[in-house]
Participant: 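Got a structure here, written out as structure tokens. Questions coming.
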Number of protein chains: 2
Amino acid sequence: MYTIETIDELRQYIKNVRQSGKTIGYVATMGYLHEGHLSLVQAARAQSDIVVVSIFVNPLQFGPNEDYEDYPRDLKKDQQLLENSGCDVLFAPSVSEMYPREMATFVELPELSNKLCGRTRPIHFRGVATVVCKLLNIVQPDAAYFGQKDGQQVAVIRRMVDDLNLPVRIVSVPIVREADGLAKSSRNIYLTEAERPHATVLYRALRAAADEIVAGDRSVEAIIQRMADTISAEPGVRLDYAEMVDTATLQRPDTIEGDLMLAVAAFIGRARLIDNIPMQVEGNRVRLL
Amino acid sequence: MYTIETIDELRQYIKNVRQSGKTIGYVATMGYLHEGHLSLVQAARAQSDIVVVSIFVNPLQFGPNEDYEDYPRDLKKDQQLLENSGCDVLFAPSVSEMYPREMATFVELPELSNKLCGRTRPIHFRGVATVVCKLLNIVQPDAAYFGQKDGQQVAVIRRMVDDLNLPVRIVSVPIVREADGLAKSSRNIYLTEAERPHATVLYRALRAAADEIVAGDRSVEAIIQRMADTISAEPGVRLDYAEMVDTATLQRPDTIEGDLMLAVAAFIGRARLIDNIPMQVEGNRVRLL
């Protein structure tokens, strides 16, 4: 596995790969890799000749009071994990390589960015869309793999790629969970031993709501309210939001039908955690994804 | 010359060109072509194996009270002009092909968009940046050619390409003028016979200012004021703006030094016309571009 730190060097590598007719699968990460990330690498590995992974903690997507400085980093360990996962190239640029001067250009999706996590993180998805646009233009992959864990991010990136005609296929990969259901996240490291058991409430609330829908409950507001109540009742947990939304538009549906996502976020100690369950509903038929 | 109307068909063509190792030069236009456009095609022709020209009157860059509906169109004549200019492919998509649904994604350059023409056309450069980003992603050219006539547009596109790492080289091509100095523009057709002679005041004001700078005048505000006065004094002409700006940042400079642009805009009857003179100033040495 090569580690490449500059855009020029990566472009040269990509150009050679392209000329040999090989396909490129790409996984964008902020590092501190866990099994969720590695499942993305595996998906890319299975479908591509060359797998490129980037590690870049993107300052543009962190608000002024968020955890940009504290965000966990361990490049050495990440390199080892990627080496063992069939990654061909790790792209690990510095902040000054990605942002040599103050950005004047932003990719904005106002309607998809002001909902769910966007309510507490108003500039987050502008930062995500802008850096992913940059990275896709640098790596120029055939397909890019994103975790369903960040469900709103997937919606934002899919829509950006579609609206801007970016020549790449977006693939979302299911959430990887701990044995007790907690979604794998680099930010789980913020949880104290005392907080950790309570963090499962996100998945418990989602799972109960999903089960209700499978059982035939079709009352949008009541299901949302029960998720909110479950999370709020958990000691040491502060609800950010509980929602049911159309997977693509992120709008709350009038009826439980089509591609939907149950989505929650909560603060636990220093951590802000998110989780979701996407599903396809056709009448009585409910398929959890 | 092929005329291609769908994105899929163009992508297939581009893919074949790419696989044969040929280079692509691209000219984005709104049609109703004049010698200014054809000079862009010539520049692309001279530097590329394949020349792609697009004609698309982009609704996203017109304000609600602007001339989107009235904007002149003549595809048959444009096709003939392009055929004779060495264009290989004309891409002429419909509005529904470019915007199959309402856009949720916008490429924004707020700092470069709120100046000069952006003051009277607040959404214009968002529309320009967004559609050019789309078109560059569709055509995937090695180089794209834009007229210096739209000097602010060139600054916006250069900065967007740089900030978003779009894999394309941007080339700006000098303004083509009528014998009396009026910059060629599709919108000159709006001028009545009575208005037409007065339209030369834009270039006269710019040229006088440029001559003053060449002669050693270094008073930013006074030079700007004289351009404004010259245009305002012309019968039937209403000044929009007269400015001197840094070519890249579009900010008014403190001193006349570096890459600068004299830029003016004015309303004449139904027409809103723009013009500029870019220059490089190093001490006493002034190079008009």
Participant: Do B/D259 and B/R287 sit within salt-bridge range, that is, some charged N less than 4.0 Å from a carboxylate O?
Facilitator: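 Looking at B/R287 together with B/D259, the answer is no, because their closest N to O distance does not fall below 4.0 Å.
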Participant: Taking the side chain as C-beta and beyond, is there a heavy-atom pair between A/Q61 and A/T130 under 4.5 Å?
Facilitator: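 Heavy-atom side-chain distance check fails, nothing below 4.5 Å.
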Participant: Counting neighbours of OH on B/Y2 that are heavy atoms of other residues, nucleotides or ligands and sit closer than 6.0 Å, is the number greater than 12?
Facilitator: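 Atom OH in B/Y2 is not crowded, with 12 or fewer foreign heavy atoms closer than 6.0 Å.
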Participant: Taking the side chain as everything from C-beta on, heavy atoms only, tell me whether A/V161 gets closer than 4.5 Å to A/L136.
Facilitator: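 A side-chain contact under 4.5 Å exists here.
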Participant: Taking NZ, NE, NH1 and NH2 as the nitrogens, is one of them in B/D142 or B/K22 under 4.0 Å from a carboxylate oxygen of the other?
Facilitator: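 Salt bridge: no.
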Participant: I'd like to verify something: which residue of A/Q140, A/R101, A/Q19 has the highest number of heavy-atom pairs under 4.5 Å with chain B?
Facilitator: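 Of the options given, most contacts go to A/R101.
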Participant: Applying a heavy-atom distance below 4.5 Å, give me the residues of residues 46-59 of chain B that approach chain A, sorted by number.
Facilitator: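 No residue falls under the 4.5 Å cut-off.
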Participant: Any side-chain to backbone donor/acceptor pair from A/T247 onto A/L260? Under 3.5 Å, distance only.
Facilitator: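 Looks like yes, one N/O pair under 3.5 Å.
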Participant: Closer than 3.5 angstrom, by distance alone: can the side chain of A/E66 be matched with the main-chain N or O of A/G63 as a donor-acceptor pair?
Facilitator: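 Side chain of A/E66 to backbone of A/G63: a pair is present.
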Participant: Using a cut-off of 6.0 Å, state whether more than 12 heavy atoms not belonging to B/D254 lie near its atom CG.
Facilitator: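 Open: at most 12 neighbouring heavy atoms sit under 6.0 Å from CG of B/D254.
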Participant: Report the C-alpha distance between A/V168 and A/Y26 in whole Å, list the side-chain angles of each, state the deciding distance to 0.1 Å, and finish with yes or no for side-chain contact (heavy atoms from CB on, under 4.5 Å).
Facilitator: CA-CA 10 Å; A/V168 61; A/Y26 171 53; over 6 Å; no
Participant: Looking at A/Q153, A/Q152, A/K149, which one forms a side-chain contact (heavy atoms from CB on, under 4.5 Å) with A/I274?
Facilitator: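 Among A/Q153, A/Q152, A/K149, the one meeting side-chain contact (heavy atoms from CB on, under 4.5 Å) with A/I274 is A/K149.
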Participant: Hey, is B/R252 close enough to B/E221 for a salt bridge, meaning N to O under 4.0 Å?
Facilitator: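 Looking at B/R252 and B/E221, the cut-off is met.
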Participant: Between B/R11 and chain A, which part of the residue has a heavy atom less than 4.5 Å away: side chain, backbone, both or neither?
Facilitator: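 Interface part for B/R11: side chain.
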Participant: Going by residue number, which parts of residues 102-112 of chain A are within reach of chain B, meaning a heavy-atom gap below 4.5 Å?
Facilitator: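 A/E102, A/M103, A/A104, A/T105, A/F106, A/V107, A/E108, A/L109, A/P110, listed by number.
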Participant: With a 4.5 Å cut-off on heavy-atom pairs, point out which of A/D162, A/I7, A/L166 contacts chain B the most.
Facilitator: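 Looking at each of A/D162, A/I7, A/L166 in turn, A/L166 comes out on top.
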